[in-house]
Engineer: 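Sending over a structure as structure tokens; questions will come in a sec.
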Amino acid sequence: MKKEIIGILREAIDRACQQGLLPQADYPEPSLEEPKIEQHGDFATNWAMVCAKAARMAPAKIARIIQESVGDRPGVIEKIEVAGPGFLNFFVRREAWNSVLVEVLEKGADFGRSNLGAGQKVQVEFVSANPTGPLHVGHGRGAAVGDSLANVLAATGHAVQREYYINDSGRQIRTLGLSVYLRAKELGGMAVDFPQDAYQGDYIKDLAGQAMQKQPGLLEMGEDKAIAFCAHFAADAILAGIRKDLEDFGVSYECWFSEQSLYDSGAVEDALAFFKEKGQIYQKDGAFWFATEKYGDEKDRVVVRANGLTTYFASDIAYHKNKFDRGFERIIDIWGADHHGYVNRIFAAVQALGRQKESFTALLVTLVNLLRGGQPLAMSTRSGEFVTLKEVVDEVGKDAARFLFLTRHHDSPLDFDLELAKEKSNDNPVFYVQYVYARICSIEKKAAQEGLIIVSPPEKALLTEVEEVRLLKSLARYPQVLESAARLLEPHRITFHLLELAALFHAYYNKHRVVGEEKELSYARLALVLAVRQVIKNGLGILCVSSPESM
RNA sequence: GCCCCCGUAGCUCAGUGGAUAGAGCAAUGGAUUCCUAAUCCAUGUGCCGCAUGUUCGAUUCAUGCCGGGGGCACCA
């Protein structure tokens, strides 16, 4: 529809120029917006105001010229108004919106999909929590954002791969091994001094018990070997748990990528050698430094410490190099906001690789405040007391959790109230949207009882009630919302659009009867609500929230 | 000290240059012989943190300030 209007507008401008009504000048392409206020029409353009200078005419005068010029070939346009300082407001014939209905019903599950990405290979890496403990709510938000974003990108024609980076190397894994080993010794009746920086959670004790079952001679095998065993055993067990929790949350990855494998394959060494050769890595004070400052980082960063050990950054450079080597044209990392100091470093590495800055994006997801009935829940990783993702999903369900995590921009902090998430009321936006789906299923059943079944989209445009046109316009906007969500990497836009559509539907439902006396009208209305249901389903699918047929 | 994010209605937040800035919650009143009342309808509220600049036009962009949050490592 939008393209159609732009076409009409462009033709009108050309005609006006040819007829000499407008001076020849270098005019910009007209752009159309959708006014917030209905009195301002279905579409509007500021073209006359933008061109006032180039044409050396008053905006209102230009607008009137265009208005008349369009009048010669109005197409779907019912009327045009010149308003305010020179806006052109277009009012589309109500019947014209019927084409949206046809499109939704014909495309079905594909409605909204596009080829915006043109097959670009994109990788979305998210959660990537260290396998040293269970996932908590914060990870849940990262998972919801990452997975839904991947869905958005896939739906807009990108070749998407989801990846989880396993930090299975380095000190925290050793600390994990030590923590489990010490708990095992305790279980074996030995007195131990449990250090503060070890992992405190009760799950460590459970793992210690399991490790001893698996390896009965654990306490006699020598400390180093025992710790190494515990480290591997625990990391594997925890990772299996993480995998399960994510699956229950509707998330599955195409690739689980091990940090250790970068060392084993020599990729870290190769990457370091690669950058040394290019002069990006130099030696100073006994350590090796990566020259990140010239790419906008605060200072250069150490990659190999004076003691010969590589830093986390070293493997990260190798990791991101590896991602590009695997052919990804665009890399999106979803991190907790606490990693924000890291962004410039990776940007520097990306640019040192000779890649465009745009090929890498770090999306920072801010914290989640967990509440219960308005009261904050105390959470502290140090003491080992935190609410896990599993606990939240078990309590409120996957649907509510995934939806609520996407009710905010990823940048802004999110209050997550467990009571609210379970509530079946007005306050809970998940049910509000799902209820639309269920209601329409109910209408469909009722219609079928009356012998009313949609076999093909209605040919006659009978849907001219205000509420009907609003619904059709909202449906028409869905593909644009998907595209902007993809372009801006903001999956929460889907959530907001579904809420808008749901509100329009509920209002319509309360005012008009779908299945009624007039057969043709009932048919058209049923087709309309089925189209609404389709878009609700498509949108919820992106969010990985189910569409229940009854509630 | 430096870097990033935020500041919009009583509360929680949408709104990536447009017209009279929106929604939900909370408050009050109303709607069900009829497709699910987990719904709808009606009734208010705003120096869009402050200041300057860019622009025909700024809540939106730039700069500075004020206030809130997060982050700074030869840790991971």
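A, B, ... follow the sequence lines: proteins, then strands. Residue 1 opens every chain.
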Engineer: Could you tell me whether the side-chain ring of A/Phe87 sits stacked on the base of B/rG18, using a centroid cut-off under 5.5 Å and a plane angle under 30°?
Structural biologist: no
Engineer: Does any donor-acceptor pair link the side chain of A/Asn89 with the base of B/rA19 at a separation under 3.5 Å?
Structural biologist: yes
Engineer: Enter the distance from A/His40:NE2 to A/Leu88:CG here, rounded to the nearest 0.5 Å.
Structural biologist: 13.0 Å
Engineer: Would one find a side-chain N or O of A/Arg487 under 4.0 angstrom from OP1 or OP2 of B/rU16?
Structural biologist: no
Engineer: Classify the side chain of A/His340 versus the base of B/rC72 as yes if they form a donor-acceptor pair under 3.5 Å and no if they do not.
Structural biologist: no
Engineer: Measure the distance from CG on A/Leu371 to C1' on B/rC11 and round it to the nearest whole Å.
Structural biologist: 13 Å
Engineer: Is A/Gln172 reaching over with its side chain to a backbone N or O of A/Asn167, donor-acceptor style, under 3.5 angstrom?
Structural biologist: yes
Engineer: A/Ile173 or A/Glu490: which one's nearest nucleotide on RNA chain B is closer to the 5' end?
Structural biologist: A/Glu490
Engineer: Mind checking A/Asp285 for me? I need base, sugar-phosphate or nothing, with any heavy atom below 4.0 Å counting as a touch.
Structural biologist: base
Engineer: Which part of the nucleic acid does A/Ile37 contact within heavy-atom distance under 4.0 Å: base, sugar-phosphate only, or nothing?
Structural biologist: sugar-phosphate
Engineer: Where does RNA chain B pair, written as one dot-bracket string 5' to 3', with Watson-Crick or G-U pairs under 3.5 Å, ( ) inside the strand, [ ] for crossing pairs and | for another strand?
Structural biologist: (((((((..((((....[...)))).(((((.......))))).....(((((..]....))))))))))))....
Engineer: Would you kindly compare A/Ala83 and A/His492 by the position of their nearest RNA chain B nucleotide and give the one closer to the 5′ end?
Structural biologist: A/His492
Engineer: What is the distance, rounded to the nearest whole Å, between atom CZ of A/Arg493 and atom P of B/rU16?
Structural biologist: 6 Å
Engineer: Just wondering, are more than 12 heavy atoms of other shown residues or ligands nearer than 6.0 Å to NE2 in A/His506?
Structural biologist: yes
Engineer: Rounded off to whole Å, could you give me the CG-to-P distance for the A/Leu364 and B/rC6 pair?
Structural biologist: 11 Å
Engineer: So, A/Ser315 versus A/Glu259: side-chain donor-acceptor pair below 3.5 Å or not?
Structural biologist: yes
Engineer: Would you classify A/Ser484 as touching base, sugar-phosphate or nothing, given that sugar-phosphate means primed atoms plus P, OP1 and OP2, and contacts are heavy atoms under 4.0 Å?
Structural biologist: nothing
Engineer: Which nucleotide sits closest to the side chain of A/Lys36: B/rC35, B/rA76, B/rG15?
Structural biologist: B/rG15
Engineer: In whole angstrom, what separates A/Trp335's CH2 from B/rA76's C1'?
Structural biologist: 13 Å
Engineer: Atom NE2 of A/His40 to atom C1' of B/rA21: distance rounded to whole Å?
Structural biologist: 13 Å
Engineer: Is any side-chain N or O of A/Asp338 under 3.5 Å from a base N or O of B/rG70, one able to act as donor and the other as acceptor?
Structural biologist: no
Engineer: What is the distance from OH of A/Tyr199 to P of B/rA76, rounded to the nearest Å?
Structural biologist: 11 Å
Engineer: Return the orientation label for the A/Tyr478 and A/His497 ring planes: parallel under 30°, perpendicular over 60°, tilted otherwise.
Structural biologist: tilted
Engineer: A/Met551 side chain: which of B/rC35, B/rC74, B/rA38 is closest?
Structural biologist: B/rA38
Engineer: Using a cut-off of strictly less than 4.0 Å, decide whether A/Arg305 has a side-chain nitrogen or oxygen near OP1 or OP2 of B/rC75.
Structural biologist: yes
Engineer: For A/Phe347, is the NZ or CZ atom of A/Lys357 found under 6.0 angstrom from the centre of its six-membered ring and inside 45 degrees of the ring axis?
Structural biologist: yes
Engineer: Applying salt bridge (Lys or Arg N to Asp or Glu O under 4.0 Å), which residue pairs with at least one partner in residues 478-488 of chain A are found, sequence neighbours left out?
Structural biologist: none
Engineer: Could you tell me whether A/Arg439 sits above the aromatic face of A/Tyr509, with NZ or CZ closer than 6.0 angstrom to the six-membered ring centre and within 45 degrees of the axis?
Structural biologist: yes
Engineer: Provide, to the nearest angstrom, the distance between the NZ atom belonging to A/Lys445 and the P atom belonging to B/rC34.
Structural biologist: 18 Å
Engineer: Could you state the atom-to-atom distance from CD of A/Glu500 to P of B/rA14 in whole Å?
Structural biologist: 16 Å
Engineer: With heavy atoms under 4.0 Å as the rule, sort A/Arg525 into base, sugar-phosphate or nothing.
Structural biologist: nothing
